Amino acid sequence: MNSQLNADLHCHSVVSDGTLTPEALAARAAANGVELWALTDHDEVGGQQRAQEAAHAHGMKYLTGVEISVTFAGQTVHIIGLGFDPEDAAMRQGLYDTRGGRGARAREMSDQLALVGIKNAYEGALRYVGNPELISRTHFARFLVEAGVCRDTNEVFRRFLTEGKPGFVPHRWANLRDAVHWINEAGGTAVIAHPARYKFTANEEFALFSEFKTHGGRGVEVVTGSHTAAEAARYAETAKEFSLVASRGSDFHSPDESHTDLGRLPPLPGGLTPVWELLSDRVR
Ligand code: AMP
Ligand code: MN
Ligand code: MN
Ligand code: MN
């Protein structure tokens, strides 16, 4: 498989905080020319079998996927797992534990929003949830748009759901070492998702990449819907510096919200090893 392959290895379905089913995502990916696809729901592998079957029905190759929420240096970092065995018991238990606490966090978010005059946000967000264990900030954002509080979900995050804002509740997710180990022990490869999105100092970012490598992490997302061309170029250099393979994924959530559609991404910059080369024996 060559490095110019149209691979899209990052997106979300109704199993986490996307708005499309795995089948609808597969159809959309295929229509957009995706050749190798992975569904990477947050902290959950419940959509994997459906996604793989739908991929094959559309003639696409498939890699199993997940996006694990991790807490590192006081911030949330996302680690993508690709090409693992989705039946692996330790991984399933780890993801189950990582999902735990989302319900209590959501109730606290709702209580805080009530203090600034937004009533019944928990019940409102729940109406958007496909998987009750996976209630996320995205579901609150959709409810606040519906309720007319904000024009779009970006505005909700800016005004309410991020650090220092009235609907933000700090949360402790999995630790980096555990997430990388679950993925590796299930036969997959761990990838740091959208590195330009984090607000680390240079030292913290260096620590993230170094510790990730030490724990057995092997890849970094270079081309993603949340990177500019300059950010992709920057993390292409980081990939070389840390000898990491490179991944590519839209992070598509919804036709109404996502500005980067499935498969509609620039190619990986030259001089990198694509993650799918490392995972060629895991492609189904
Ligand atoms: P959670 O896992 O509940 O903390 O929710 C995180 C999700 O919220 C991410 O996966 C994104 O889908 C979404 N998100 C986070 N920050 C933003 C933002 N600034 N604008 C839009 N969506 C965001
Ligand atoms: Mn999301
Ligand atoms: Mn993410
Ligand atoms: Mn994502």
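Predicted model, so just to flag it, every value in this text is computed and none were measured. Numbering of ligands and ligand atoms starts at 1, following listing order.
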Quick one: do [X] and [Y] make a salt bridge, cutoff under 4.0 Å?
| X | Y | result |
| --- | --- | --- |
| Lys61 | Glu35 | no |
| Asp17 | Arg142 | no |
| Arg127 | Glu146 | yes |
| Arg158 | Glu155 | no |
| Glu44 | Arg102 | no |

Is it the side chain (CB and beyond), the backbone, both or neither of [X] that lies under 4.0 Å from ligand 1, heavy atoms counted?
| X | result |
| --- | --- |
| Arg102 | side chain |
| His253 | side chain |
| His171 | neither |

Over-ring placement of Arg107 relative to Tyr122, 6.0 Å and 45° cut-offs: yes

Atoms of ligand 1, numbered as shown, that sit under 4.0 Å from any heavy atom of Asn154: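 In order of numbering, the contacting atoms are 20 (N), 21 (C).
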
Which N, O or S atom of His42 lies nearest to the Mn ion (ligand 2), by name: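 In His42, the heteroatom (N, O or S) nearest the Mn ion (ligand 2) is NE2.
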
Closest approach to the Mn ion (ligand 2) by Asp17, given as the N, O or S atom name: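 Going through the N, O and S atoms of Asp17 one by one, OD2 ends up nearest to the Mn ion (ligand 2).
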
Gap between atom CE of Met109 and atom CG of Leu161 - 0.5 Å precision: 5.0 Å

Proximity flag Thr153 to ligand 1, non-hydrogen atoms under 4.0 Å: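 Distance cut 4.0 Å: Thr153 fails for ligand 1.
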
Contact flag His12/the Mn ion (ligand 4), N/O/S atoms, threshold under 2.8 Å: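 His12 does place an N, O or S atom closer than 2.8 Å to the Mn ion (ligand 4).
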
Minimum-distance N/O/S atom that Glu67 presents toward the Mn ion (ligand 4):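 The Glu67 atom nearest to the Mn ion (ligand 4), restricting to N, O or S, is OE1.
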
Examine [X] against ligand 1 and note whether any of their N/O atoms are separated by less than 3.5 Å.
| X | answer |
| --- | --- |
| Thr138 | yes |
| Arg105 | yes |
| Arg137 | yes |
| Asp17 | yes |

Pair Thr71-Arg172, side chain to side chain donor-acceptor pair (under 3.5 Å): steps then yes or no: CA-CA 6 Å; Thr71 300; Arg172 180 126 205 117; 4.9 Å; no

The single option from His139, His78, His253 passing ring-ring contact (aromatic ring centres under 6.0 Å, His included) against His12: His253

Shortest protein heavy-atom distance from atom 18 (C) of ligand 1, along with the residue and atom involved: Phe157 CG, 3.4 Å

Apex the Mn ion (ligand 4); atoms Asp251 OD1 and His10 NE2; angle rounded to 10 degrees: 80°

Aromatic plane relationship, Tyr198 with Phe200 - under 30° parallel, 30 to 60° tilted, over 60° perpendicular: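 The rings of Phe200 and Tyr198 sit tilted, inter-plane angle from 30° to 60°.
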
